[in-house]
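What follows is a single structure, written as structure tokens, with notes after it.
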Amino acid sequence: MNTLISWLHSSIIYGTVIMFGALGETLTEKSGHLNLGVPGLMYLGGFAGFASAFIYERSTENPNTVLLILIPLLCAFLAAMLGGLLYSFMTVTLRANQNVTGLALTSLGVGIGTFGSARLLSVTGSQSYSVASATSAVYTANLNSVTNLGAFGQIFLSYGFLTYAAIILAVLMNYFLMHTRRGLNLRAVGENPGTADAAGINVTLYKYIATSVGGGICGIGGFYYIIEYSSGKWSSQNSLEAVGWLAVALVIFSTWKPKNTIWASYLFALLFWMATNLPALTGIRIPTSVTELLKMTPYVVTILVLVIASTRKKKENQGPASLGLSYFREER
Amino acid sequence: MKDEIAVRLNGITKRFGSVTANDGVTMDVRRGEVLALLGENGSGKTTLMNMLSGIYFPDEGTIEINGVPASIRSPKDAFDLGIGMIHQHFKLVDVFTAAENIVLGLPGKSSLNMRAVKEKIRAISEKYGFLIDPDRKVYNMSVSEKQTLEIVKVLYRGADILILDEPTAVLTPQETERLFAVIRNMRADGKSIIIITHKLHEVMEISDRVAILRHGQYITTLETKDADERTLAEAMVGEKLSLNIERPKPEGLVRRLEVSELSCVNAEGVPTLRGVSFTAYGGEILGIAGISGCGQKELLESIAGLEQTVTGSSVLYYPDGGEPEQLIGKTPREIRSLGVALSFVPEDRLGMGLVGSMGMTDNMMLKSYESGAPVFLHKREPQQLAESVRDSLGVVTPSVTTPVRRLSGGNVQKVLVGREIAEAPTVLMTAYAVRGLDINTSYAIYNLLNEQKKKGVAVIYVGEDIDVLLELCDRILILCGGAVSGIVDASTATKEEIGLYMTKIGGAESGTSGGDPAMKGGDKK
């Protein structure tokens, strides 16, 4: 029983990280831009959020709770948004290849994070990691400790507010895309920018805003990873990059629909943690080499979904038609 | 009401580089009338209308809308003035419903009230007699439904002046009738409708007045009731120009290609070729005329094996002293390796014929890569070929390794034609071989084709300029809407005759007046 609860618990936390990344990337891809820089953006956001919290905590004796929440959240969002802005400048204005730019952004983000963390460690003079404990305490404050509802509380109430914010964000994004004028326009930009342009939509502006805000949302995912999943500790964050790739895959898995992203990210996380939890739960011993193999289940499932989606040929389940293509206004 | 001027164009001139697309066009459109805009390919009809719909901006001249001078700098400006254009290529988002496409880009409250939108669409549909389902996705729609959607979209935005660019090109006769009924309803409602077309019988049927453009210049506007198809065709093609292109007498004609019942269907299920039949002879130049997009490309490509054909189509090739070979069903490579040397100068010379970033030598190898040693390239022969093409055709290039992209259009064309001719073909097909070339280069190409003809090659020449076709070719086949509307003897045919065939009058009864040169024997002088 305890194994099951801890499996579900870690899956929801891990799933939330993926959800933020996937939501950001969905918004980006809806504008027709495939940003493979998600791992880099999450890294940037995670590092900026952590560093700002760490610096703020050390600068004052009695940190203000509101500032403890706002400063790192804004820094995480803005840092990753700048990454997204750089990406849009390269791909929208300069029309650079989207895949190459995205991969470069991943290297850049991971590089900046690693470089910065070395600086942070040298500031504290500490060993292998630094920690923003006050911030983490605020962000992981939850109802479970207050209500004490047993298993229900442990599974559903034992998370910080960002966990629930992710679900709300997904619902809002779904409403924005499907039921508002701007959402319709954004989808048109990703499907057929020529048509959108002819309809008087500012294609460049939509692309810029979607990729930048999408990048910022990815950044919050990175920050959530540090503050909730790693309990506010910053050490070498190699696995954060892996989550970034999971998020990119999840966008495809959820067929570019934010409402699918909610359950799909938890499912991904469950599959990801299956390797660690299933043996304990069932009592079957699995060699470590197989465990690593099992961790790739989410990716295998993504490939299966791609195969199924493309054989069914239902256009609603395909990505935006002009995803990955630069837009040139036709000129003679 | 009827005589009020909705649009007045004053001395409109538009140039693209050295090409003048419109030259001082002055004309007007009345309120509540259907004006047909008639002209050949490249006469500047679409360019002129694009200036009205905000896609281009005129270099000179002024536009007045409802008596007020207007500056139309973007499609949005045009919308604001009540001008809407329905292009030949629809601007629709496939995965959206009709209603979503209509509301796209419109200002308004940030949350969308689709019910109100659909209500308004239904009201418009009822008023003018459209058949449209607001919830249907565009990818499920037929071409005609998409066109209807485009028109409704324009009306939804409150357009009073509608421009339709060749609206019937993609429609069946029944769909055309329905479109015309809607156009009449809109006219009765006081809207001005401009329709760009080549089809004279439709001009006669639907329009109140006809404006005629020729080579970018405004010729005249006629009341439709005072005009007939012959006068319109004459005004459209104009006087014959003498070009003095050499036309050697065809000698030793041998049957090379026998095309019968060749039909093609495009991806949207619309027929692009309808039962085309003709024979091409070695030793003559067969010209192919027609309004652009009437099946010229599909015809050449299906002979070359690049296009899927409908069952029942047949292209027989007669080699020297052998059994005829069926080309349908063979791959392009088989068609060549069977000894059937079809040479093909595609319409888009850099797109399909040559690799822009490679030099002449490498481009020569594209046709011969499978000969020679299995792994390593043998560059000597292609290099010799490239040098001989350069020297014999006078290609101006720094070296045979300079990327062909950097050469001028005429030189690129020479490289392409030179390579095709170097294969010593028995059938040489060229499409728009002189498009965009200056006079001297054009004559160089004509001479090349004539040389091939003298060697006994069957040359098929798809051209745009009727004057050139009349002087260069021995026979001219005219395509109209994917079908052969006539085959004429170029030495006796007149320009008007071809103009009429291109717009499909008299096509049915006099079928192949130019007939078969082999049958006619000594008919030619």
Side-chain angles (χ1 to χ4, degrees), chain A residues 26 29-32 171-207 209-210 213 255-257 260 309-310 312-323 325 327-332, chain B residues 14-17 19 21-22 42 44 46-47 50-51 53-57 73-80 84-87 89-97 99-117 137-141 146 149-150 153-154 156-157:
Chain A
T26 302
E29 293 196 12
K30 282 288 178 187
S31 74
V171 173
L172 286 179
M173 196 182 283
N174 190 63
Y175 181 82
F176 167 74
L177 287 172
M178 305 311 293
H179 300 284
T180 68
R181 231 171 256 277
R182 292 209 172 86
L184 183 76
N185 293 355
L186 175 63
R187 283 191 290 143
V189 167
E191 289 287 341
N192 191 337
T195 297
D197 201 7
I201 296 167
N202 189 338
V203 173
T204 309
L205 185 69
Y206 270 87
K207 280 174 179 272
I209 292 181
V213 173
T255 60
W256 292 267
K257 293 185 183 71
N260 290 347
S310 54
R312 283 178 62 200
K313 288 202 172 110
K314 198 156 175 264
K315 289 220 178 183
E316 282 81 357
N317 291 341
Q318 307 290 330
S322 71
L323 184 61
L325 307 173
Y327 174 59
F328 294 85
R329 185 181 266 188
E330 283 167 65
E331 262 164 339
R332 197 165 153 185
Chain B
K14 180 72 189 174
R15 297 185 194 88
F16 296 105
V19 182
N22 286 125
T46 304
T47 308
N50 277 341
M51 283 187 274
S53 65
I55 293 175
Y56 302 139
F57 192 76
R73 294 196 171 266
S74 71
K76 200 178 166 302
D77 289 353
F79 279 143
D80 294 344
M85 182 156 170
I86 290 98
H87 296 269
H89 303 284
F90 302 132
K91 295 212 170 283
L92 297 170
V93 179
D94 267 358
V95 294
F96 284 10
T97 63
E100 284 174 328
N101 265 293
I102 286 171
V103 82
L104 186 66
L106 286 179
K109 262 181 38 196
S110 95
S111 70
L112 265 178
N113 181 355
M114 288 313 279
R115 194 177 297 159
V117 172
K137 299 261 178 166
V138 171
Y139 60 76
N140 285 326
M141 289 186 179
K146 287 182 194 171
L149 172 56
E150 284 280 16
K153 189 163 112 184
V154 165
Y156 190 95
R157 278 147 217 252

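From a predicted model like this one, the values you see are computed outputs, not experimental measurements. Note: hydrogens, waters and symmetry copies are ignored here, and every other heavy atom, side chains too, is used. Note on naming: letters A, B, ... go to the chains in the order of the sequence lines (proteins, then strands), and numbering restarts at 1 for each one.
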Gap separating the [atom1] atom of [X] from the [atom2] atom of [Y], nearest 0.5 angstrom:
X: A/N192; Y: B/F90; atom1: CG; atom2: CZ; result: 13.5 Å
X: B/L112; Y: A/M178; atom1: CG; atom2: CE; result: 10.5 Å
X: A/Q318; Y: B/D94; atom1: CD; atom2: CG; result: 12.0 Å

query = Where does B/I55 contact chain A at under 4.5 Å (heavy atoms): side chain, backbone, both or neither?
reply =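 Contact with chain A is absent: no heavy atom of B/I55 under 4.5 Å.
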task = Identify which part of B/K137 has an atom lying under 4.5 Å from any heavy atom of chain A, answering side chain, backbone, both or neither.
result =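 It is the side chain, since no backbone atom gets that close.
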task = Search all heavy atoms of B/S111 against all heavy atoms of A/Y175 and return the closest pair with its distance.
result =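 Minimum heavy-atom separation between B/S111 and A/Y175: CB-OH, 3.8 Å.
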Does any heavy atom of chain B fall under 4.5 Å from the side chain of [X], the backbone, both, or neither of them?
X: A/A198; result: both
X: A/F176; result: neither
X: A/L184; result: both

Top residue by heavy-atom pair count (under 4.5 Å) with chain A, among [options]?
options: B/S110, B/P75, B/S74; value: B/S110
options: B/N101, B/V93, B/L104; value: B/L104
options: B/H87, B/E100, B/K76; value: B/E100

inquiry  = Can you confirm whether A/R182 is buried at CZ, in the sense that more than 12 heavy atoms of other residues, nucleotides or ligands lie under 6.0 Å from that atom?
reply    =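 Result for CZ/A/R182: open.
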inquiry  = My understanding is that only residues two or more places apart in sequence, or in another chain, count here; which of them pass side-chain hydrogen bond (donor to acceptor under 3.5 Å, both in side chains) with B/K146?
reply    =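 B/K146 satisfies side-chain hydrogen bond (donor to acceptor under 3.5 Å, both in side chains) with no other residue.
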query = Just wondering, do A/R187 and B/V95 contact through their side chains at under 4.5 Å, heavy atoms?
reply =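 Contact flag for B/V95/A/R187 side chains = no.
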